[in-house]
Amino acid sequence: MSIYDSLNEMQKKAVFQTEGPVLILAGAGSGKTRVLTHRIAYLIEKCDVKPWNIMAITFTNKAAEEMKNRVDDLVGLGSDSIWVSTFHSSCVRILRRYADRIGYDTNFTIYDADDQKSIIKDVCKKLQIDTKMLKERTILSAISNAKDSLIGPIEYETNAFGDYNKQRIAGVYKEYQATLRKNNAMDFDDLIMLTVELLKGDPEVKASYHERFRYIMVDEYQDTNTAQFELVKQLASGNRNLCVVGDDDQSIYKFRGANIRNILDFEMVYPDACVIKLEQNYRSSQNILDAANAVIRNNIGRKDKSLWTAAGTGNRIHFRQFDTAYEEAEYIAGDVSSKYFSGKLRYSDCAVLYRTNAQSRLLEEQFIKSSIPYNVVGGVNFYSRKEIKDILAYLKTIDNGKDDLAVKRIINIPKRGIGQTTINKVQDYADENQISFYDALCEADQIKTLGKAAAKLTPFVNMIQVFRSRLNVYSLEDLMQDILDTTGYVEQLQADSEEEAEARIENIDELISKVVSYEETHDQPTLSEFLEDVALVADIDGVDPTADKVLLMTLHSAKGLEFPHVYLAGMEDGVFPSYMTIMSDDSTEVEEERRLAYVGITRAKEELTISAAKQRMIRGETQYNSVSRFVKEIPQELLDNRLPVYKRDFADYEDDSRERYSFKQKPYDFSGGSNYVNQRGAVTKQNYVNRDSSIGIVRPKAVLKPKTTPDSVKPFIAQTSAVNNAASSAVNYKVGDRVRHSRFGDGCVLAMEPGPKDTKVTVAFDECGQKIMYATFAKLTKI
DNA sequence: CGTACTAGTCTTTTT
DNA sequence: GACTAGTACG
């Protein structure tokens, strides 16, 4: 009995095919991590490959960590020396060693999105580019795309010939890159691009890595971009033992430069590649797989495959459409709660997935109300919080004096009376003398223009120097504590705002415990490495898998995970797929979202609940959406086909409501476009009945509020009455008029119905069909 | 130099 | 609706 006996035939083939290029097309839940870990074990145990000659690349630290642990379980100790890490950390590791060969110091700083934005802003100012005409965001994404495709500033400029906007972006790109180099900093994209540059330009370095990495494996290969592909190609060009694992149906990072052709064309780049398909699914019930297969079948340009399972049919997929997003959230929380208290699940069995981070808010509110423990993955990143960035900027300043951005961030935090004019004068001096901002600070007394402001700078410089000199003497934890004590940062926080301070101090404590845990887990902890760890964490990395909590996250974050109970919330056209996608003339964008839907569906092992709302507030604007086209692509017999639920009491769908309601009315409304029709007849907000006690589950009063208390209705009332007040604003159009909407474009007013809250306006838009909207929110103008 | 208020933008997804 | 950047004033 060996560890390989438990594998199926195709999996075995993938594990035993160790030599040469291998492409494993692994459908969702087909055990690809199992294959990769067993393959590593096989290489070490049976092929006498040294652990340090193996490299495995993943996208997130969490995936890397999981792979390490599972290899550990298989082969025991010795797996430590296998190089398992993410694309970005692999590159940092290489660059920390050799960056001096491409003109950087090896203690370079890594810039995050905020840092990038400030640099772009400065550069635009310098080049006198009007950011109203050419958005920073646009420039940044153009630069990022260029880097993902390995196009440097010079080449970009060449390509921009004849295109005015591109030429201006080329100018910014050039200056941006020069600034980063001056600051001894790299952005995320640089990490990959510059590593490729290093490998291509330095045969010695390349040869040393060929010697080291004899077997290379890449996970989630469908999400690699051109730069990552080139990186892998460079690393593998010595031994050609390259094994990539991926699923073209799960390629969901096109916006980040992922090139689906990397996986589709693998066999062209490596004609001798061995291709293995894994189609047996070990995760989900047949119903769930059937739904996933049916949805993804609508995409063209994919490698044909179909998942199957030996497991049973399972329950039907639950589908609910609600009047409002509020009720949707209420239902999900209620469903989780009732199943929890009837012992059907643990909280950690559940995940709620949605398209955009903003959707988490309503869900959170309901989870809090129902006292359900939950964790939100993503959203506002821990490391992008003000207080955390401040402390990190101190650390960066101490670590890399060339990082002007970090120095400028903290020079007046806490307040030292150093303002913009002083900073500008120092910067001018630095520019004149071709030195860094920090070095200019050190020579403050030389800067004539400063006058008595110079006296304020000296204590700051001295403080940083003291921190630096102590760096070798005490731990990072001591350093961080020292920074807090010396600067009086916490006191300043409290002085600024009493209420906010508490949460911010908690975050700082959290950061301190992260330093402590970093120092505990590393033999030779360094400040640079800590900052790098911090810079390269993904949202999903911070999730504690042992906590019994419901996880709330975007569909993107959910890739690679699985849960017994999955809720797909906000399944509406306009939300998922998003308006941007629907409006786009590029049909591949809808295909990308369809793949995202496929990812979402296939996360579920046992129960899948799909929900939608007719009415939803997005960016302070109420939208009316029909059920997502992706739901319509699921064969209806796979759905439980129940009525949309309008009652606030979840007892209604806990007991056998099918008897009373089933199939007497249309189960849900699939009429496209404007589907906001009040179908429920007599059932209105006023006659919700409290039948709370009718469910036979234990529900402690303190934990669960009755769903029918005026309390739970309040937010809705408050919201609508606010509308009421504003509703009196006159509109200058009438039925038959042509009107213009900021997003939907032009259309013709079909009907206007004065409602109790606000006037409902029905408009037939030329581009996007009929919509019914409230006049106050729609902001329609007559044309 | 620091603060308080206002106007504008944003949101699709992230290492 | 929420957050941010920019501006006016003390």
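Quick caveat, the model's predicted, so the values are computed rather than measured. First the proteins, then the strands, lettered A, B, ... as listed; each starts at 1.
When each of A:Gly419 and A:Asp189 is assigned the nucleotide of DNA chain B with its nearest heavy atom, A:Gly419 is the one assigned upstream, toward the 5' end. In terms of position along DNA chain B, the nucleotide closest to A:Lys135 lies nearer the 5' end than the nucleotide closest to the other residue of the pair A:Val377 and A:Lys135.
Residue contacts for A:Asn412: at a heavy-atom cut-off of 4.0 Å it reaches the sugar-phosphate backbone alone, with no base atom in range. Within the 4.0 angstrom heavy-atom criterion, only backbone atoms of the sugar-phosphate kind lie near A:Lys415; the bases stay farther away. Heavy atoms of A:Glu592 sit nowhere under 4.0 angstrom from any nucleic acid atom. Using a 4.0 Å heavy-atom distance criterion, A:Phe255 is classed as a base contact. Residue A:Phe576 is out of contact with every strand shown, counting any heavy-atom pair closer than 4.0 Å. Within 4.0 Å (heavy atoms only), A:Ala538 reaches sugar-phosphate atoms of the nucleic acid but no base atom. Backbone-only contact: A:Asn357 has heavy atoms under 4.0 Å from sugar-phosphate atoms and none from a base. Across all strands shown, A:Lys386 has no heavy atoms under 4.0 Å from either base or sugar-phosphate atoms. Within the nucleic acid shown, A:Thr422 comes within 4.0 Å of sugar-phosphate atoms alone, with no base atom in reach, counting heavy atoms only.
With sequence neighbours excluded, the residues forming a side chain to side chain donor-acceptor pair (under 3.5 Å) with A:Glu532 are A:Arg96, listed by chain and number. For A:Phe229, the ring pair (Phe, Tyr, Trp, His ring centres under 6.0 Å) test picks out no residue, with sequence neighbours left out. Not counting sequence neighbours, the partners of A:Glu220 by the salt bridge (charged side-chain N to carboxylate O under 4.0 Å, His left out) test are A:Lys32, A:Lys559. Legend: residues meeting side chain to side chain contact (heavy atoms under 4.5 Å, CB included) with A:Arg594, ordered by chain and number and at least two apart, are A:Val295, A:Asn298, A:Asn299, A:Val590, A:Glu591, A:Phe630, A:Glu633. Listed by chain and number, the residues in a side chain to side chain donor-acceptor pair (under 3.5 Å) with A:Glu589 amount to none (sequence neighbours excluded). Judged as a side chain to side chain donor-acceptor pair (under 3.5 Å), and not counting sequence neighbours, A:Thr179 has no contacts.
With both ends at atom C1', the span from C:dA5 to B:dT12 equals 23 Å, rounded to whole Å.
Here the CD1-CZ distance, from A:Ile423 to A:Phe437, works out to 5.5 Å after rounding to the nearest 0.5 Å.
Where DNA chain B meets chain A (any atom under 4.0 Å from a heavy atom), the bounding nucleotides read 5' to 3' are B:dC1 to B:dT15. Bounding nucleotides for the chain A contact on DNA chain C, 5' to 3', at a heavy-atom distance below 4.0 Å, are C:dG1 to C:dG6.
Residue A:Lys254 qualifies as enclosed at atom NZ: its count of foreign heavy atoms under 6.0 Å is above 12.
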Please tabulate, for the side chains in residues 108-117 of chain A, all donor-acceptor contacts under 3.5 angstrom to protein atoms that are two or more places apart in sequence or on a different chain.
| from | atom 1 | to | atom 2 | distance (Å) |
| --- | --- | --- | --- | --- |
| A:Thr109 | OG1 | A:Asn400 | ND2 | 2.7 |
| A:Tyr111 | OH | A:Asn183 | ND2 | 3.0 |
| A:Tyr111 | OH | A:Asp403 | OD1 | 2.5 |
| A:Asp112 | OD1 | A:Asp114 | N | 3.0 |
| A:Asp112 | OD1 | A:Asp115 | N | 2.9 |
| A:Asp112 | OD1 | A:Lys389 | NZ | 3.2 |
| A:Asp112 | OD2 | A:Lys389 | NZ | 2.9 |
| A:Asp115 | OD1 | A:Lys389 | NZ | 3.4 |
| A:Asp115 | OD2 | A:Asp112 | N | 3.0 |
| A:Gln116 | NE2 | A:Tyr176 | OH | 3.2 |
| A:Gln116 | NE2 | A:Asp187 | OD2 | 3.2 |

